[in-house]
Trainee: 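Right, I'll just put the structure down here and ask away after.
Values in this document were obtained by computation on a predicted structure and should not be read as measured data.
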Amino acid sequence: MSQRRRAARCRAGAYTHWFPFRHATPANEAPVLAALREICQSVDVRRYLASDAEFAVDLPDFAVAGEPMEITAPDADPALRLSARLLSQDGRQVLPGVPLRPDGQGGLRCELRAPAGLWTLEVRSRKRGIGPRDAVLVTGADASGPAPE
């Protein structure tokens with residue numbers, strides 16, 4: 001093995017493949033296609049495929065700071081073990097997740113509270129991974145009431 005190839009090997013056991021082709025042509029070169037085919041066939045792709053379990057989630061567009069915002073998943077299977085959480089705009093702050101519980105009408109629901117700001121609301125399935133995400137604007141508590149006269 002050449003020194004260059006040894007340097008290309010990373011500690012995780014992955015390799016960098018070097019091919020003597022220009023940037024525009026690798027997609028059509030037989031050695032590159034053979035290497036990609038070998039890589040793709042050795043990976044179990046089932047874990048990257050979407051599950052058969054589909055669910056819809058109703059997420060609010062905005063909320064008021066400190067007041068509950070309702071997240072519902074009508075007709076969702078409780079076996080999915082859904083939970084909702086909020087992530088700050090820069091991703092540094094994550095509020096604890098709250099599980100969605102049966103609502104007595106065949107769906108799931110939960111309530112979240114957040115301080116004012118722009119948040120990403122994410123619903124996850126503990127069995128299937130990340131589900132729907134959307135931005136929610138949480139306004140200050142004083143913005144919810146009528147304007148003083």
Trainee: Can you confirm whether Pro68 sits close enough to Leu112 that some side-chain heavy atom of one is under 4.5 Å from a side-chain heavy atom of the other?
Mentor: no

Trainee: Measuring only between side-chain heavy atoms, which start at C-beta, is Val57 closer than 4.5 Å to Val123?
Mentor: yes

Trainee: How far does SG of Cys110 sit from CZ of Arg85, to the nearest 0.5 angstrom?
Mentor: 13.0 Å

Trainee: Roughly how far, to the nearest 0.5 Å, is the CG atom of Leu86 from the CG atom of Leu118?
Mentor: 10.5 Å

Trainee: Quick one: which residue pairs count as a salt bridge (charged side-chain N to carboxylate O under 4.0 Å, His left out) with a foot in residues 97-110, not counting sequence neighbours?
Mentor: Glu70-Arg109, Arg109-Glu111

Trainee: Rounded to the nearest 0.5 Å, what separation is found between the CD atom of Glu122 and the CG atom of Leu59?
Mentor: 10.5 Å

Trainee: Identify the two heavy atoms, one from Ala65 and one from Gly140, that lie closest to each other, and give their separation to 0.1 Å.
Mentor: CB-CA, 4.3 Å

Trainee: Under the rule for side chain to side chain donor-acceptor pair (under 3.5 Å), what residues qualify as partners of Thr120, not counting sequence neighbours?
Mentor: none

Trainee: According to side chain to side chain contact (heavy atoms under 4.5 Å, CB included), who are the partners of Pro74, at least two apart in sequence or on a separate chain?
Mentor: Asp58, Thr72

Trainee: Flag the pair Pro99 / Leu82 as yes when at least one side-chain heavy-atom distance between them is below 4.5 Å, and no otherwise.
Mentor: no

Trainee: Could you pull out the closest heavy-atom pair between Val138 and Trp119, with the gap in Å?
Mentor: CG2-CD1, 3.7 Å

Trainee: Spell out, yes or no, whether Val98 and Leu87 are grouped together once hydrophobic residues are joined by side-chain heavy atoms under 4.5 Å, including indirect joins.
Mentor: no

Trainee: Between Val136 and Pro60, what is the shortest heavy-atom contact and its length?
Mentor: CG2-O, 3.6 Å

Trainee: Looking at residues at least two apart in the chain, or sitting in another chain, which of them share a side chain to side chain donor-acceptor pair (under 3.5 Å) with Asp61?
Mentor: none

Trainee: Check whether Arg113 reaches the backbone of Gly66 with its side chain - one donor and one acceptor, N or O, closer than 3.5 Å.
Mentor: yes

